[in-house]
Amino acid sequence: MICPQGKIMLVGIGPGSHDHMTHRARAAIAEADVVVGYVTYIKLVADLLEGKEVVRKGMTEELDRAVHALASAREGKKVALISSGDAGVYGMAGPTYEVLFQAGWTPESDVEVEVVPGASAINACAALVGAPLTHDFCSISLSDLLTPWPVIARRLDAVAAADFVVALYNPKSGRRTQQIVEAQRLFLRHRRPDTPVAVVKSAYRRRERIEFTTLDKMSDCDIGMLTTVLIGNSNTFIRHGLMVTPRGYANKYELHGDGSTRQGERPGRSLSTGLLGWMENLKADHAEGESIAALALLHKLPADYIEAVLLTQTEEVAVKEEAASVEESET
Ligand code: SAH
C-alpha cells in the first residue's frame, strides 16, 4: 500500500515478553518502514524487524529519536518509535509531541501520529505480585535527571501522607543510589515500618525476580534500573506470597457468612460514611458544638473545606441521589 502521508507510531511494547505485547503493537511494528528505539527494546522485537530500517539509539538520545522520526515521517515513511511498557508513561510520547509542536506540527498537518498503549511496568509488576493496585494508587519516578529533587520529595511526602499505593519507577541506578533511601525516609514519616513492599525486577523478562519486604528494609534490597518498587497502603497485606490491597468490600458486606450487607449500609448505595452520610454527620457534630477547627483536625481536611461543606444544602443532593438510584434500579 502506498502511504500518502508519513506516520509516527508511539508503540508501547509492554514489559518485555511477546505474550504481553498487544496485537496493535505488533501490527504497528509490522507496518512500519522504520523502527526506532533503545538497543534493548530493539532486541526484544528482533524477530519483527526483517526488511526494515532500524535505528538503534542510546539512553540519552531521546530528543534525537523524536527528531529523526519526524524527518522520516515527513519523507512519507511510517515510523514506529518503540518504548517499553506504555509509550506515554515516562516514555517517548511526551517528548515526541514536544518536538512536533516545536516544528510547527498540528494534528491536521502532513504527519499522522498514533499512540499505541501498552501494559506499563506498574501493571506488569502488580500482576506478578498479586493485586496491590485494587485501591487508589499513583506512580513516582525517582529519576532526578530532568526533575528537581524537591519536586520529587514533595510528591513522595504528599502521597505517603495520603495513603496511596505507590509504584516507584527509576528507583535506583549505578549513579543514583541515595534517592531510594530518601524516599524511604519520607515514607517512614507517615507510614508504618512494616508496610508491605514488593521489589520487582525485570518483570516478564529473563532475569525476573520478586522480593517481598517491608518499608523499613526497602532500601537494603537489590534494586536497579530495571526494578519497580511497589509500596502498599495502610490496608495492604501479603498472604501466601501474594500482595493484596483490599477494595473495601469489607466496609459494606459481611465477608464471612452469608455475604449480607453490614448494619447501616445499603447495597448499590454510597457508604454511610460516603459523601452524603459524612456531610450529615458533620452537620450533626457541628450542631452539637464541635468547632470547625476540631472537625478539620479529626478528618485531616482543611478548615475552609469543612466550612464550605457545612454550608452545602445536603437535603437537595440527597433527594437527587435517591431519585437517581430509584431510576437506576428500575431500568
Ligand atoms: N514506559 C515504561 C517506563 C519507562 S521508565 C513503562 O511504561 O513501563 C523505566 C523504569 O520502568 C525502570 O527504571 C523501571 O522502574 C520500570 N520498568 C520498566 N520495565 C520494567 C520491567 N520489565 N520490570 C520492572 N520494572 C520495569
Side-chain angles (χ1 to χ4, degrees), residues 9-22 24-25 28-29 36-45 57-63 65-66 69 80-98 115-130 132-133 137-147 152 155-156 159 165-180 182-184 197-213 218-219 221-231 243:
M9 296 172 285
L10 291 149
V11 184
I13 62 167
S17 69
H18 272 180
D19 284 351
H20 296 92
M21 194 187 299
T22 65
R24 180 61 201 137
I29 295 170
V36 189
Y38 286 146
V39 184
T40 350
Y41 307 152
I42 293 285
K43 276 191 201 149
L44 288 174
V45 296
K57 297 277 187 181
M59 282 296 245
T60 52
E61 299 166 292
E62 287 184 339
L63 295 181
R65 274 183 283 157
L81 261 174
I82 59 178
S83 277
S84 76
D86 184 281
V89 178
Y90 308 116
M92 280 302 296
T96 301
Y97 274 121
E98 287 182 66
V115 183
V116 180
S120 187
I122 190 173
N123 308 112
C125 297
L128 284 174
V129 304
L133 307 180
F137 62 90
C138 70
S139 70
I140 295 185
S141 166
L142 296 191
S143 171
D144 55 4
L145 299 182
L146 301 171
T147 310
I152 300 172
R155 289 178 184 166
L156 288 166
V159 302
V165 175
V166 184
L168 299 178
Y169 279 73
N170 300 301
K172 197 172 177 180
S173 72
R175 266 178 301 165
R176 294 182 305 102
T177 55
Q178 185 63 22
Q179 283 75 357
I180 186 75
E182 299 300 321
Q184 180 182 37
V197 171
V199 176
V200 186
K201 197 171 197 172
S202 296
Y204 297 101
R205 296 192 197 181
R206 213 155 33 86
R207 292 184 219 284
E208 179 181 290
R209 206 171 148 266
I210 299 165
E211 188 178 349
F212 288 111
T213 183
M218 175 175 87
S219 63
C221 293
D222 178 16
I223 296 174
M225 286 273 279
L226 264 174
T227 306
T228 298
V229 178
L230 296 168
I231 305 175
M243 185 178 188

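Just so you know, ligand 1 is whichever comes first in the structure, and atom 1 is the first atom listed for that ligand. In this text the structure is predicted, and so the values were computed from the model without any measurement.
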- Task: Report the part of Arg205 (side chain from C-beta onward, or backbone N, CA, C, O) that has a heavy atom under 4.0 Å from ligand 1; answer both or neither where that applies.
- Result: side chain
- Any N/O of Tyr90 closer than 3.5 Å to an N/O of ligand 1? no
- 4.5 Å side-chain heavy-atom contact, Leu230 and Val165: no
- Task: Report yes or no: does a heavy atom of Gly16 sit under 4.0 Å from some atom of ligand 1?
- Result: no
- Spatial distance of atom CE (Met92) from atom CD (Glu98) [nearest 0.5 Å]: 10.5 Å
- Message: With rounding to the nearest 0.5 angstrom, report the OG to CD distance, Ser173 to Gln179.
- Response: 7.5 Å
- Side-chain contact test, heavy atoms from C-beta onward, threshold under 4.5 Å: evaluate it for Ile82 versus Ile42 and give yes or no. yes
- Query: In terms of residue, atom name and distance, what is the protein heavy atom nearest to atom 16 (C) of ligand 1?
  - Reply: Thr228 OG1, 3.3 Å
- Note on the structure: When rounded to the nearest 0.5 Å, the distance separating CE of Met243 from CG of Leu128 is 13.0 Å
- Message: Regarding Tyr90 and Ser139, do their side chains bring together a donor and an acceptor under 3.5 Å, going by distance alone?
- Response: yes
- Message: For Cys125 versus Ala203, what's the shortest heavy-atom pair and its separation?
- Response: SG-CB, 3.9 Å
- Item | Element-labelled atoms of ligand 1 that are located less than 4.0 Å from some non-hydrogen atom of Gly85 | 6 (C), 7 (O), 8 (O)
- Task: Identify the protein heavy atom lying closest to atom 10 (C) of ligand 1, giving its residue, its atom name and the separation to 0.1 Å.
- Result: Asn170 OD1, 3.6 Å
- Sub-3.5 Å N/O-N/O distance, Val200 and ligand 1: no
- Task: Answer yes or no: does an N/O atom from Lys201 fall short of 3.5 Å to an N/O atom of ligand 1?
- Result: no
- Note on the structure: Per-atom filter on ligand 1: closer than 4.0 angstrom to a heavy atom of Pro15 are 22 (N)
- Note on the structure: Under 4.0 Å between heavy atoms, the region of Cys125 that gets near ligand 1 turns out to be side chain
- Task: Specify the protein heavy atom at minimum distance from atom 15 (O) of ligand 1: its residue, its atom name, and the distance to 0.1 Å.
- Result: Thr227 O, 2.6 Å
- Message: I'd like to check whether Ser84 has a polar contact with ligand 1, where a contact means an N/O of the residue lying under 3.5 Å from an N/O of the ligand.
- Response: yes
- contact_flag Ala124 ligand 1 heavy-atom lt 4.0 Å: no
- Message: Would Pro171 count as a polar contact of ligand 1, with the cut-off being nitrogen or oxygen pairs under 3.5 Å?
- Response: no
- Task: Write down the atom of Ala28, the atom of Ala80, and the distance for their closest heavy-atom approach.
- Result: O-CB, 4.4 Å
- With rounding to the nearest 0.5 Å, note down the distance linking CD1 in Ile13 to NE2 in His20. 13.0 Å
- What is the closest protein heavy atom to atom 24 (C) of ligand 1, and at what distance does it sit? Leu226 O, 3.2 Å
- At what distance is the nearest protein heavy atom to atom 13 (O) of ligand 1, and which residue and atom is it? Met225 O, 2.6 Å
- Item | Sub-4.0 Å heavy-atom approach of Tyr169 to ligand 1 | yes
- Task: Mark yes when over 12 heavy atoms from residues, nucleotides or ligands other than Arg155 sit less than 6.0 Å from its CZ; otherwise mark no.
- Result: no
- Message: Regarding atom 23 (N) of ligand 1: of the candidates Gly224, Ala203, Gly118, which has the closest heavy atom?
- Response: Ala203
- Check: Val89 N/O within less than 3.5 Å of ligand 1 N/O: yes
- Query: Which heavy atom in Lys172 sits nearest to a heavy atom in Ile223, and how many Å separate them?
  - Reply: CD-O, 3.5 Å
- Message: For ligand 1, which is the ligand I care about here, please tell me if Ala121 has any N or O atom under 3.5 Å from one of the ligand's N or O atoms.
- Response: yes
- Message: A side-chain contact here means heavy atoms from C-beta on lying under 4.5 Å apart; do Ser17 and Glu208 qualify?
- Response: no
- Starting from atom 6 (C) of ligand 1, find the nearest protein heavy-atom neighbour and note its residue, name and distance. Ser120 OG, 3.3 Å
- Message: Below 3.5 Å, N or O to N or O, backbone or side chain included: is there any such pair between Ser83 and ligand 1?
- Response: no
- Message: Can you tell me how far apart SG (Cys138) and CG (Leu156) are? Round to the nearest 0.5 Å.
- Response: 9.0 Å
